[in-house]
Amino acid sequence: MPRARHLAAVPANQRATDEQERSWLRRRSPSGQSGEHPSPISHALKLRLYRGMLLSRRLDERLMALQRQGRVGFHVGHRGEEAAIIGAAAALREQDWLVPCYREFGALLMRGAPLCTYLDQMFGNAADTGHGRQMPDHFHSRAQRCLSVSAPIGTQIPHAVGLAYAARLKGRDDVALVFFGDGATSSNDFHAALNFAGVWGAPVVLACRNNGYAISLPSSQQTASKGFACKAAAYGVRGVEVDGNDVLAVYEATRDAREAAARGEGPTLLELVTYRLDAHSSSDDPRAYRSDEEVAAAAAREPIGRFKAHLLACGALSEAEDAQLQEAVDAEVRAALEAARAREKPALDTLFEDVYAETPWHLTLAAREAAQTARGGSAHTPEGSAD
Amino acid sequence: MMEMNMVQAINAGLHQEMGADPDVVVLGEDVGRVGGVFRVTQGLHDAFGEQRVIDTPLNESGILGTAIGMALYGLKPIPEIQFADFIYPGFDQLVSEAAKYRYRSGGEYSVPMVVRTPFGGGIKGGLYHSQSPEALFIHTAGLKVVCPSNPYDAKGLLRASLQDPDPVLFFEPKRVYRAVKMEVPEHAYEVPLSKAAVVREGSDVTVVAWGAMLYEALAAAEQVRGDDGLDVEVIDPRTLWPLDLDTVLESVRKTGRLVIVHEAPRACGFGAELVSLVCENAFVHLEAPPQRVTGFDTPFPYALEDDYLPLAHRIAPALRETARF
């Protein structure tokens, strides 16, 4: 009997890294010139991508400012990485799964999450579906099939492989897309997940946002290999390098990987080559480890201006429409931020919920103790909970 | 009813649960064709196929991490960690991911999986095949910790663990695997979680012990009955966490004396928590300081394992001392 495979068999000739698929960087010129390649993508979809990128950028700017004013506890933005995130998310179907790292709130919004879902989490308020338990930017949303963000690095990658395996076992063609940074490729779980994904032929798209840095360490201190897409070959997985600042290239590469996974052709590792224009997070100062000249050079290749030039050139957008769109996005962000800021903190008793499906006796006692010893005048003491 | 050992009882339970629910899958190292190094999963591969009885690559974090993904999707995975000693490479997936998923997602997601793993010493397994890491998981909010001591309980607790919507660590005492036989019903039945068993009734001293050490506690109880006329009550918590504290307290209120026996090292072991809980809730009923008879605060040894383990010859003196205090 031939050695059986678990799920979709991936023929050996398709599992090897394919030169054509590795050549995205060459096909999509990283020069910053736009309009250089014809694209079958409709104007409507292009405008949707553009709006998603604008919304993400505006949120980054506002949230970073609010963090500096002490109104938001923390923020990890994705300024400069909008194309990598928005383009990939847009290539998913409704039934597919998003497994985020922590920088992909734009992907959550592209999947239709209301802006308030994200902002309530940022403020940890009473409307946050996570009840203010996690730091800002550790979001989730079941409605959007978006898993929950965890802080340890790379741990979510095996989850995506398990999800994908489960979908196929249930006879469905759902695909899981998992995001992680270049630093995560050093984690144990990256290697475990790639290996399991390859052996199982799991329908998963593994999207490495190579943004140049893992906090202060450049990619060259994460790996001695030439980039990250090549790592796929060792696991019998397709590896594709993509210009991560070209939203159309990211969209098309992710769509192709998703379609291959849905057809039963197994996993793809995408390396989305981009640049993190801002600090790692609101707690980081990147001037300690990179030069202003380097950042300025990267800023010249940033994805939004580049895509706008393409949209103007191909007639999908006019300057007047762009100004109108920017104003609409700005108004949406302003209104949602005001609403989220105005909401109260979660009630004290939520502290003890959801540890288990049913609250066991020791947590019931703890909840009673907490209510009895609640800080005087605490605004979030639930009414009637004290004995 | 059939006479079965613990390996057979768990195997029968797995067959039954997989047969009843197509969402139940088993995964781990060597669990498929070979049926597990202890043969607990024998026959499942033939009966349910390689898609549901999955021989995985050798990586504990990968086993537990992918099982979490399967559970998030709606399957009921039963990952096996070949020896509890090998759980540490997957520790982060258990404590940071499985344990916290419900909490961090406000109940939108949950991880209903049962991690089976043989634990404990007494089989000449040495340093890396003998550990008892239960306290690490009891200390982690969000996990449930189950430890059957006999074939009947093992099958019934396995079913209850699978029905439970939260992640369960299912510690199987490998010294008991083939050493104890008893009548086990062929039909599916549950032994409820968080419900202790009073295994031996008595009025002089309460002993709490689990896994293979339960039998040492029972042997010591017989010894001090014959030698000293002591009437020892022995309690098997069966689920270590969340604990059935009421059964323990009721017994201590009756006997006024408490001895705890566990294989794990003493410092910060589960025995320490039990002593604390009893002191907080039944202090005025205590007539002697609670005692712990445990493994030593060293790594687990090979040649001297019978000296390391809290066997009956170490438990009996503690029972006498507590009774005479």
Side-chain angles (χ1 to χ4, degrees), chain A residues 4-7 97 99 128-134 138 140-143 147-152 154-170 172 174 176 187-189 191-193 195-200 202 204 346 350 353-358 360-363, chain B residues 22-23 25 27 49-52 54-75 77 89-90 92-93 95-97 99-113 141-144 164-167 193-194 241-246 277:
Chain A
R5 305 209 57 81
H6 281 287
L7 296 164
W97 292 76
V99 184
D128 171 19
T129 53
H131 303 303
R133 289 164 185 159
Q134 289 235 70
H138 289 59
H140 72 271
S141 175
R142 180 144 199 137
L147 295 192
S148 164
V149 172
S150 146
T155 55
Q156 78 281 15
I157 314 176
H159 302 171
V161 177
L163 266 178
Y165 184 99
R168 191 51 56 88
L169 184 65
K170 298 282 272 182
R172 301 179 190 140
D174 307 356
S187 72
N188 297 333
D189 279 333
H191 299 281
N195 195 36
F196 276 57
V199 170
W200 289 349
V204 59
T350 62
E353 294 166 358
D354 305 317
V355 181
Y356 301 95
E358 282 180 39
W361 63 269
H362 67 287
L363 293 180
Chain B
D23 286 340
V25 299
L27 69 158
E50 64 178 10
Q51 298 210 1
R52 291 180 63 202
I54 309 161
D55 271 324
T56 65
L58 205 164
N59 186 302
E60 284 75 15
S61 191
I63 294 167
L64 295 167
T66 53
I68 288 169
M70 292 176 193
L72 290 169
Y73 193 85
L75 299 185
D92 183 60
Q93 285 291 346
V95 305
S96 291
E97 306 296 325
K100 294 179 173 62
Y101 231 106
R102 180 184 294 283
Y103 197 68
R104 74 191 209 202
S105 67
E108 284 196 5
Y109 290 107
S110 62
V111 180
M113 69 176 185
L143 297 178
K144 295 188 173 182
D164 195 273
D166 290 307
L193 299 188
S194 294
W241 202 256
L243 176 72
D244 174 9
L245 181 62
D246 286 344
L277 285 168

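Bear in mind that the values here come from a model prediction, so they are computed numbers and not experimental data. Protein chains get the first letters and strands the later ones, always in sequence-line order, with residue 1 at the start of each.
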>> Does Leu72(B) form a side-chain contact (heavy atoms from CB on, under 4.5 Å) with Trp97(A)? I'd like the steps, not just the answer.
In response: CA-CA 11 Å; Leu72(B) 290 169; Trp97(A) 292 76; 5.9 Å; no
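Across Pro158(A), Ala193(A), Ala151(A), the residue that shares the most heavy-atom pairs under 4.5 angstrom with chain B is Pro158(A). Chosen from Pro242(B), Gly107(B), Ser61(B), Ser105(B), the residue pairing most often with chain A at heavy-atom distances under 4.5 Å is Ser105(B). Note on Pro165(B), Ser96(B), Gly65(B), Gly49(B): by heavy-atom pairs under 4.5 Å with chain A, the leading option is Gly65(B). The most heavy-atom pairs under 4.5 Å with chain A, out of Gly142(B), Ala99(B), Pro77(B), Gly62(B), come from Gly142(B). Chain A forms the most heavy-atom pairs under 4.5 Å with one residue out of Leu143(B), Leu27(B), Leu58(B), and that residue is Leu143(B). For the set Asn188(A), Val161(A), Asp174(A), the entry with the most heavy-atom pairs within less than 4.5 Å of chain B is Asp174(A). Highest contact tally toward chain B, considering only Arg172(A), Glu358(A), His131(A), is held by Arg172(A) [criterion: heavy-atom pairs under 4.5 Å].
Heavy-atom minimum distance, Asn195(A) versus Pro57(B): ND2-CB, 3.5 Å. Minimum heavy-atom separation, Gln51(B) to Tyr165(A): O-OH, 2.6 Å. Shown here for Ile63(B) and Phe196(A), the closest heavy-atom pair between the two residues is N-CZ, 3.6 Å. Gln93(B) and Thr155(A) get closest at one heavy-atom pair: NE2-O, 3.0 Å. Nearest heavy-atom pair, Trp361(A) versus Leu245(B), reported as atom, atom and distance to 0.1 Å: CH2-CD2, 3.5 Å. Listed here is the closest heavy atom pair of Tyr103(B) and Arg133(A): O-NH1, 2.8 Å.
Using a 4.5 Å cut-off between heavy atoms, Asn59(B) contacts chain A through both its backbone and its side chain. Neither the backbone nor the side chain of Asp128(A) has a heavy atom closer than 4.5 Å to any heavy atom of chain B. Only the side chain of Leu277(B) comes within less than 4.5 Å of a heavy atom in chain A; its backbone stays farther off. Heavy atoms of Val149(A) lying under 4.5 Å from chain B belong exclusively to its backbone. With a 4.5 angstrom heavy-atom cutoff, Asp23(B) touches chain A only via side-chain atoms. Contacts of Lys100(B) with chain A are absent, with no heavy-atom separation under 4.5 Å from either backbone or side chain. Both the backbone and the side chain of Ala167(A) come within contact range of chain B, judged by heavy atoms closer than 4.5 Å. Both the backbone and the side chain of Ala357(A) come within contact range of chain B, with heavy atoms under 4.5 Å apart. If you measure heavy-atom distances from Leu147(A) to chain B, the contacts under 4.5 Å come from both the backbone and the side chain. With a 4.5 angstrom heavy-atom cutoff, Ala141(B) touches chain A via backbone and side-chain atoms both.
Rounded to the nearest 0.5 Å, atoms CG (Leu75(B)) and NZ (Lys170(A)) are 6.0 Å apart. Interatomic distance, Glu97(B) CD to Ser148(A) OG, rounded to the nearest 0.5 Å: 8.0 Å. Here CD1 of Ile157(A) is found 13.0 Å from OG1 of Thr66(B). Values are rounded to the nearest 0.5 Å. Distance check: Leu169(A) CG to Tyr73(B) OH gives 10.0 Å after rounding to the nearest 0.5 Å. Atom OH in Tyr101(B) sits 14.0 Å away from atom CG in Asp354(A) (nearest 0.5 Å). A distance of 10.0 Å separates CG in Leu243(B) from NE2 in His362(A), rounded to the nearest 0.5 Å.
Under the 4.5 Å side-chain criterion, counting only non-hydrogen atoms from C-beta, Asp164(B) is not in contact with Tyr356(A).
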